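Shown next, in structure tokens, is the structure this report addresses.
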Amino acid sequence: MANAEIVPVGINDLPLIVELYNEIFRPGREYAFFTHRLGTQRNPLLLLATVQKRPVGFALGYELKQNTFYCWYIGVLADFRRAGVASQMMEAMTAWARDQDYQTIRFECYNRHRPMLHLAIRQNYNVVGIRYDADAEDNLIILEQNVNEEAAD
Ligand SMILES: CC(C)(COP(=O)(O)OP(=O)(O)OC[C@H]1O[C@@H](n2cnc3c(N)ncnc32)[C@H](O)[C@@H]1OP(=O)(O)O)[C@@H](O)C(=O)NCCC(=O)NCCS
């Protein structure tokens, strides 16, 4: 375990998350991309992961529909991977979603995001569908977790 500290942060810390995003994902995104999406969705959640006070990862999500919370992005800096940081963030998101009375967390993932697919299975997510993303010209796998269900293993 990385023993990361996972904290919910406010919109004031979004620049830090955008910086992490741009270190982790390609292509990079402008600040406005995030403010626009998060500003137009219900109940946004911003999680920051720090190790020895250094920001190393983030997760972003928002309400998709009454019972379902959507995990939009999750990322960890390359040097801090395979130490349980993303697992800690997903567990924190699950606990938070349960507290907020959501029943399901959903996210979508391309086949090429293999580590994320491995992680999702470890975190007790089920594959519930697939949809074609015309912009990316690629399939997206849809995964869901029942936040009230214990992991099987
Ligand atoms: C996906 C990602 C968030 C995982 O972060 P992480 O902190 O390394 O994940 P964890 O350490 O919590 O992994 C937990 C388990 O998931 C599985 N897993 C994670 N990365 C894996 C990999 N590269 N290969 C195989 N299994 C992997 C393993 O079962 C792992 O447990 P183990 O290390 O004990 O074997 C990270 O690789 C990342 O930021 N990738 C780039 C961004 C991305 O693709 N995000 C997803 C799309 S939004």
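Keep in mind it's a predicted model, so treat the numbers as computed, not measured. We use all heavy atoms of the structure for the numbers below, so side chains are in, but hydrogens, waters and symmetry mates are not. Just so you know, ligand 1 is whichever comes first in the structure, and atom 1 is the first atom listed for that ligand.
- The aromatic rings of Tyr21 and Tyr73 sit perpendicular to each other, their planes meeting at more than 60°, with 30° as the lower class boundary.
- The side-chain contact (heavy atoms from CB on, under 4.5 Å) test applied to Thr35 returns Leu14, Tyr31, Ala32, not counting sequence neighbours.
- Formation of a donor-acceptor pair under 3.5 Å by the Asn22 side chain with backbone atoms of Val18 is found in this model.
- Using modelled atom types and a 3.5 Å distance limit, the side chains of Tyr62 and Arg37 yield a donor-acceptor pair.
- Around ligand 1 you find Ile24, Phe25, Ile74, Gly75, Val76, Arg81, Arg82, Ala83, Gly84, Val85, Ala86, Ser87, His113, Pro115, Met116, His118, Leu119, Arg122, each with a heavy-atom distance below 4.0 Å.
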Per-pair distances, 0.1 Å, donor-acceptor, side chain in residues 128-139, under 3.5 Å, sequence neighbours excluded:
| from | atom 1 | to | atom 2 | distance (Å) |
| --- | --- | --- | --- | --- |
| Arg131 | NE | Glu108 | OE1 | 3.3 |
| Arg131 | NE | Glu108 | OE2 | 3.1 |
| Arg131 | NH2 | Glu108 | OE1 | 2.8 |
| Asp133 | OD1 | Asp135 | N | 3.1 |
| Asp133 | OD1 | Ala136 | N | 3.4 |
| Asp133 | OD2 | Tyr110 | OH | 2.4 |
| Asp138 | OD2 | Arg112 | NH1 | 3.1 |

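- Looking at residues two or more places apart in sequence or on another chain, you find a salt bridge (Lys or Arg N to Asp or Glu O under 4.0 Å) between Arg42 and Glu63.
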